[in-house]
Protein chains: 2
Amino acid sequence: MKFAKIPMATINRLSIYMRTLQDLLDEDVDVISSERLAKQCGVNPAQIRKDLAYFGEFGVRGVGYRVNDLVNQIKEILGLQRPWNLAMIGLGNLGSALIRHANFVKHGYVFTAAFDVDPQKVGKRLPTGLIINHVDELEELIKERDVHVGLITTPASEAQSIANQLVLAGINGILNFAPVQIQVPDCCHVENVDFTIKLDSIAYHLSSGV
Amino acid sequence: MKFAKIPMATINRLSIYMRTLQDLLDEDVDVISSERLAKQCGVNPAQIRKDLAYFGEFGVRGVGYRVNDLVNQIKEILGLQRPWNLAMIGLGNLGSALIRHANFVKHGYVFTAAFDVDPQKVGKRLPTGLIINHVDELEELIKERDVHVGLITTPASEAQSIANQLVLAGINGILNFAPVQIQVPDCCHVENVDFTIKLDSIAYHLSSGV
DNA sequence: TCATTAATGTGAATAATCTCACATTAGCGA
DNA sequence: TCGCTAATGTGAGATTATTCACATTAATGA
């Protein structure tokens, strides 16, 4: 183990390893080699070992990795041994669908606030029991409910303004689903989820590849 | 312009440039320099020029890029000067939200088929007018309606099986929202959209960064 | 106890990607 | 017409990421 800057790609792959390992646990697999895990994750075995080597030695030479242990180690690395509170901003089609989506809960994330500007929506109770608040109350509630990460699912035109408000409210992590590049200070980490970019990439491969 | 392997990262950035340029068009900006565009996209100016250089010379030295022209050039490069037909497989929360989502239409994508296994959903008409079919009819309808790309929004446990069926039906592009790594033959291009991975990455930055 | 085996951990080689720096050139005005 | 300006296009260099290849080592069984 060294002290080195960790590649972003490594962090993303750790999530993938973790999920694959969790599936393996469900199938009662106790131990797995980097080779088998790599095949299942679609990466190179050495890549897995290198990725893990940034953080320590987790395997047993000649044997492999104990699945259960490795899941916990990766959780520890990623900071997932604690709950994280989320706020959804924008409860249109996408926001509403995501907040109901089981995967967030399954991975230890909890929505503790939801915001929209539509007076028709404000005050409504979501299936999770959470009540939608007006965006005007954003800063106050974010602090009050100890929100750590904001998910932006507003129209693109509103995304930057919401991001500014989130930063002012002290948020350091934003998951942005709006198809714009939002600008934030360095203290805030933004990740973008953009399916049209992925679709464009498929279109490119279909039209030029064959 | 050279004949070289185009980095995947370049293709993804082209989508981002295109969208930013389209926004600029709406603001009646005629011409833009790589420097200004770069700032707005959050990349290095030389990166933009390099990316474009893979495909030709699109700028005017001393002036910059004509916004309207460049949008069309990028569309041409990505293969977006024609419509692409999509099929949604899985109409739970996420699938239903995505199929209504305006961005696909805006970028020239059209849903021509939708599938689910739930008998309660089969036969229902979506707001777009599209009728939900049973997955049993997948292969037939995919061919009949000339679907080019399949979007998988089923539970993770079903994703691989659906992918297999899509490949059998002749599909060469899959956008996978299920949180598993699906395996397909080389002829088929898969892109994954996975928000929990992005959230995990934010969690990592929040817990280790500060 | 000790050789054997299998799979890790890792330095070195390779490959991919990004950035710099500047030569080049289109447009513009005198 | 000609020089000046501004921003492109691009080779070379720097950086980052991936893969190889093998020395290392834990477990196992004779």
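Order of the sequence lines sets the chain letters (A, B, ...), proteins ahead of strands, with each chain counted from 1. Worth saying up front: this structure is predicted, and the values here are computed from it rather than measured. Only heavy atoms go into these numbers, but all of them, side chains included; no hydrogens, no water, no symmetry mates.
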**Student:** Verify whether one side chain among A/N164 and A/Q160 offers a donor that lies under 3.5 Å from an acceptor in the other.
**Tutor:**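 Yes - a donor-acceptor pair under 3.5 Å links their side chains.
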**Student:** Any side-chain N or O of A/S34 under 4.0 Å from OP1/OP2 of C/dT8?
**Tutor:**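 Yes, A/S34 has a side-chain N/O under 4.0 Å of OP1/OP2 on C/dT8.
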**Student:** Check the phosphate of D/dT19 against A/R49, side-chain N and O only, distance under 4.0 Å to OP1 or OP2. Yes or no?
**Tutor:** no
**Student:** What is the separation between atom CD1 on A/I6 and atom P on D/dT18, rounded to the nearest whole Å?
**Tutor:** 13 Å
**Student:** Specify the separation, in whole Å, of atom CG of A/N44 and atom C1' of C/dT14.
**Tutor:** 13 Å
**Student:** When the distance from CD1 of B/I48 to C1' of C/dT19 is rounded to whole Å, what number comes out?
**Tutor:**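 For the pair B/I48 CD1 and C/dT19 C1', the rounded distance is 13 Å.
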**Student:** Among D/dA27, D/dT16, C/dA21, find the nucleotide with the atom closest to the side chain of B/A46.
**Tutor:**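 Looking only at heavy atoms from C-beta outward on B/A46, the closest nucleotide is C/dA21.
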**Student:** Any donor-acceptor pair under 3.5 Å joining the side chain of A/R61 to the base of D/dT24?
**Tutor:** yes
**Student:** Roughly, in whole Å, what's the span from CG in A/L52 to C1' in D/dT19?
**Tutor:** 16 Å
**Student:** Starting from P on C/dA23, measure out to CD on B/E57 and report it in whole angstrom.
**Tutor:** 18 Å
**Student:** Need one value for B/R36: base, sugar-phosphate or nothing, where a base atom within 4.0 Å counts as base even if backbone is also close, heavy atoms only.
**Tutor:** nothing
**Student:** Confirm from the modelled atom types if B/K50 and D/dT10 form a donor-acceptor pair under 3.5 Å, side chain to base only.
**Tutor:** no
**Student:** Look up atom SG in A/C188 and atom NE2 in B/H205, then write down how far apart they are to the nearest 0.5 Å.
**Tutor:**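 So the gap between those two atoms works out to 11.5 Å.
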**Student:** Do other residues, nucleotides or ligands put more than 12 heavy atoms under 6.0 Å from B/E191 CD?
**Tutor:** yes
**Student:** Report the distance from atom OH of A/Y65 to atom P of C/dA7, rounded to the nearest whole Å.
**Tutor:** 12 Å
**Student:** Relative to the 5' end of DNA chain D, which residue comes earlier, B/S33 or A/A9, by the nucleotide with the nearest heavy atom?
**Tutor:**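 Whichever sits nearer the 5' end wins; that is B/S33.
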**Student:** Please tell me which of A/I32 and B/M8 maps to the more 5' nucleotide of DNA chain C, matching each residue to the nucleotide holding its nearest heavy atom.
**Tutor:**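 Result of the comparison: A/I32.
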**Student:** Between A/Y65 and A/F58, does the ring centroid distance fall short of 6.0 Å?
**Tutor:** no
**Student:** Could you tell me how far apart A/Q47 (CD) and C/dT8 (P) are, to the nearest whole angstrom?
**Tutor:** 14 Å
**Student:** Taking atom C1' of C/dG9 as reference, at what distance in whole Å does atom CZ of A/F55 sit?
**Tutor:**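 Those two atoms, CZ and C1', are 15 Å apart.
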**Student:** Are the charged groups of B/K143 and B/E139 less than 4.0 angstrom apart, N to O?
**Tutor:**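 B/E139 and B/K143: salt-bridged.
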